[in-house]
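In the text below, chain A, chain B and the rest are named by the order of the sequence lines, each starting its count at 1.
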Amino acid sequence: MCGRFTMHHGPDELMARFDIQGSLFEPTARYNIAPTQPVAAVTAHGPRAERLLEPLHWGLVPFWAKDTAIASKLINARSETVQEKPSFKHALSRRRCLIPADGFYEWDRKTKQPTHFRVRGGELFAFAGLYEEWHAPDGSPLRTCTVLTTEANALVAPIHERMPVILQNPDDEAMWLEVGRYKPLDLPPLFSPFPADQMDAIFVSKRVGSPANDDAELLVPVG
DNA sequence: CCAGACGTTGTT
DNA sequence: GTCTGG
DNA sequence: CCAGACGTTGTT
DNA sequence: GTCTGG
């Protein structure tokens, strides 16, 4: 699955890599992004699908939810079943987003040893994400998101059975964002696990366990 | 019809 | 053990 | 995902 | 809002 990730590339690289036209905030380098925190997300708007960088809180709150308690349970959506789940159905057809990242963490369930996985070369990539806008009783809006998951590839599998859906190239990213053109039934081809032979893995410090730790030292290899 | 859930992961 | 918060 | 809390009443 | 279970 995906319950923690990194995004330390700068705003300029981010804007260029994903062809983003506008921004609602300046993301800072992050080495330990945890559920409930704001993440940098790319959403598309209008007939020309103009791309906007905006902060979304990680943990989906469907628009019909009574309160936000459901958020921490909806940090991931299984790509195999996302189309049939009431919590995700609406967002899958209308509100898809890219969640830029440069790595993600998985924990060995027996030893608790955390591993950082990244695309070889440290490149930026995007998770397939969904988002929603929820309104509090007083009318104030809350924009939230979730990360799709798929089966683990051969690199991740020894650590964990699941991994995030990583879109494999800019064409796939465009397809994911074009909600008007591509419907839920067109999307499963995008859900294949990212190729293991294009990724690297390193063991990292158990300090990553606490979301309060968020510094570049977390990416220094250990063991 | 209404009431109640709506999720994933991992562990047993 | 289970839930909440980050 | 992990870390950390896990409760009520009444009083300040 | 929408689906499932009773």
Side-chain angles (χ1 to χ4, degrees), chain A residues 1-7 27-41 55-95 99 101-118 127-137 141-153 156-166 179 184 191 193 201-215 217-219 222:
Chain A
M1 83 169 297
C2 179
R4 240 33 110 70
F5 67 97
T6 57
M7 216 304 286
T28 57
R30 296 296 309 279
Y31 301 90
N32 194 6
I33 300 172
T36 72
Q37 297 178 346
V39 306
L56 297 175
H57 283 78
W58 187 11
L60 197 81
V61 180
F63 64 94
W64 44 259
K66 286 186 278 293
D67 54 49
T68 61
I70 197 171
S72 57
K73 297 175 180 173
L74 301 186
I75 65 170
N76 293 130
R78 289 180 67 91
S79 58
E80 297 91 335
T81 56
V82 63
Q83 177 202 332
E84 64 202 37
K85 301 293 187 183
S87 294
F88 303 131
K89 210 169 200 173
H90 178 74
L92 185 70
S93 63
R94 321 242 15 143
R95 294 174 173 272
I99 300 178
D102 38 41
F104 61 93
Y105 298 103
E106 299 287 359
W107 280 258
D108 184 301
R109 57 173 164 275
K110 289 169 193 159
T111 64
K112 290 291 185 177
Q113 171 63 52
T115 299
H116 186 253
F117 294 93
R118 75 286 293 275
F127 296 136
L130 303 177
Y131 70 103
E132 283 281 12
E133 182 167 300
W134 178 84
H135 289 91
L142 177 69
R143 291 165 75 80
T144 62
C145 64
T146 192
V147 175
L148 272 72
T149 64
T150 187
E151 60 183 318
N153 64 23
V156 178
I159 305 293
H160 210 84
E161 298 175 352
R162 308 284 301 170
M163 64 182 278
V165 171
I166 295 172
V179 298
F191 300 153
I202 58 161
F203 293 141
V204 295
S205 166
K206 289 187 179 182
R207 278 204 312 127
V208 74
S210 174
N213 297 321
D214 182 7
D215 55 79
E217 290 294 306
L218 293 177
L219 294 185
V222 301

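Under the 4.5 Å side-chain criterion, counting only non-hydrogen atoms from C-beta, A:N32 is not in contact with A:R207. Proximity of A:E84 to A:T81: side-chain heavy atoms (C-beta onward) are separated by under 4.5 Å at one or more points. Residues A:P211 and A:R4 form a side-chain contact, since some pair of their non-hydrogen atoms from C-beta on lies under 4.5 Å apart. A:I159 has its side chain within reach of A:F117: a pair of non-hydrogen atoms, C-beta onward, lies under 4.5 Å apart. Taking 4.5 Å as the limit, some side-chain heavy atom of A:I166 sits within range of a side-chain heavy atom of A:F104. For the pair A:L219/A:Y31, a side-chain contact is recorded, criterion being any heavy-atom separation below 4.5 Å from C-beta on. Using a 4.5 Å heavy-atom threshold, the side chains of A:I202 and A:H116 count as touching. Counting only heavy atoms from C-beta outward, the side chains of A:L74 and A:F88 approach each other to under 4.5 Å.
Within the 4.0 angstrom heavy-atom criterion, only backbone atoms of the sugar-phosphate kind lie near A:T149; the bases stay farther away. Looking at heavy-atom distances under 4.0 Å, A:E161 makes contact with sugar-phosphate atoms alone, never a base. Across all strands shown, A:W64 has heavy atoms under 4.0 Å from base atoms, whether or not it also approaches the sugar-phosphate. As judged by a 4.0 angstrom heavy-atom cut-off over every strand, A:R4 is placed among the base-contacting residues. Residue A:I75 is in base contact, counting any heavy-atom pair closer than 4.0 Å across all strands shown. Counting non-hydrogen atoms under 4.0 angstrom, A:T81 reaches the backbone sugars and phosphates but no base. At a threshold of 4.0 angstrom between heavy atoms, the contacts of A:Y105 with the nucleic acid are absent. Base engagement by A:T36 is indicated by at least one non-hydrogen atom pair under 4.0 Å involving a base atom.
The listed nucleotides are D:dC2, B:dG7, C:dG6; the one nearest the side chain of A:L74 is B:dG7. The side chain of A:R78 lies closest to B:dT9 when the candidates are B:dT9, E:dG1, C:dG6. When the nucleotides E:dC3, B:dT8, B:dC6 are ranked by their closest atom to the side chain of A:F88, B:dT8 comes out on top. Minimum atom distance to the side chain of A:K73 is reached by B:dG7, of the listed C:dG6, B:dC6, B:dG7. Nearest nucleotide to the side chain of A:S72, out of B:dT9, C:dG5, E:dG1: C:dG5.
To the nearest angstrom, P of B:dG7 lies 13 Å from CG of A:N76. Taking atom CH2 of A:W107 as the reference point, atom C1' of D:dC1 lies 5 Å away to the nearest angstrom. What separates CH2 of A:W58 from C1' of B:dG7 is a distance of 14 Å, to the nearest Å. Distance A:F127 CZ to D:dC1 C1': 12 Å, rounded to the nearest Å. Rounded to whole Å, atom C1' of B:dT8 lies 16 Å from atom CD of A:E151. The CG-P distance, from A:L92 to E:dT2, rounds to 15 Å in whole Å. With rounding to whole Å, A:K89 atom NZ is found 11 Å from B:dG7 atom P. Here the P atom of nucleotide D:dC2 and the NE2 atom of A:H116 are 15 Å apart, to the nearest Å.
Across the P atoms, D:dG7 and C:dG5 are found 11 Å apart, a figure rounded to whole Å. Across B:dC6 and C:dT4, the matching P atoms stand 15 Å from one another, rounded to whole Å. Here the separation of B:dT9 from D:dC2, taken at their P atoms, is 13 Å to the nearest Å. On the C1' atoms, C:dT2 is 16 Å away from B:dT8, given to the nearest whole Å.
For the pair A:K112 and D:dC2, the criterion of a side-chain N or O lying under 4.0 Å from OP1 or OP2 is met.
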Taking Watson-Crick (N1-N3 plus N6-O4 or O6-N4) and G-U wobble (N1-O2, O6-N3), each under 3.5 Å, can you produce the dot-bracket string of DNA chain C? Use [ ] for crossing pairs and | for inter-strand ones.
||||||
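The pair A:R30-A:D214 counts as a salt bridge, with a side-chain nitrogen and a carboxylate oxygen less than 4.0 angstrom apart.
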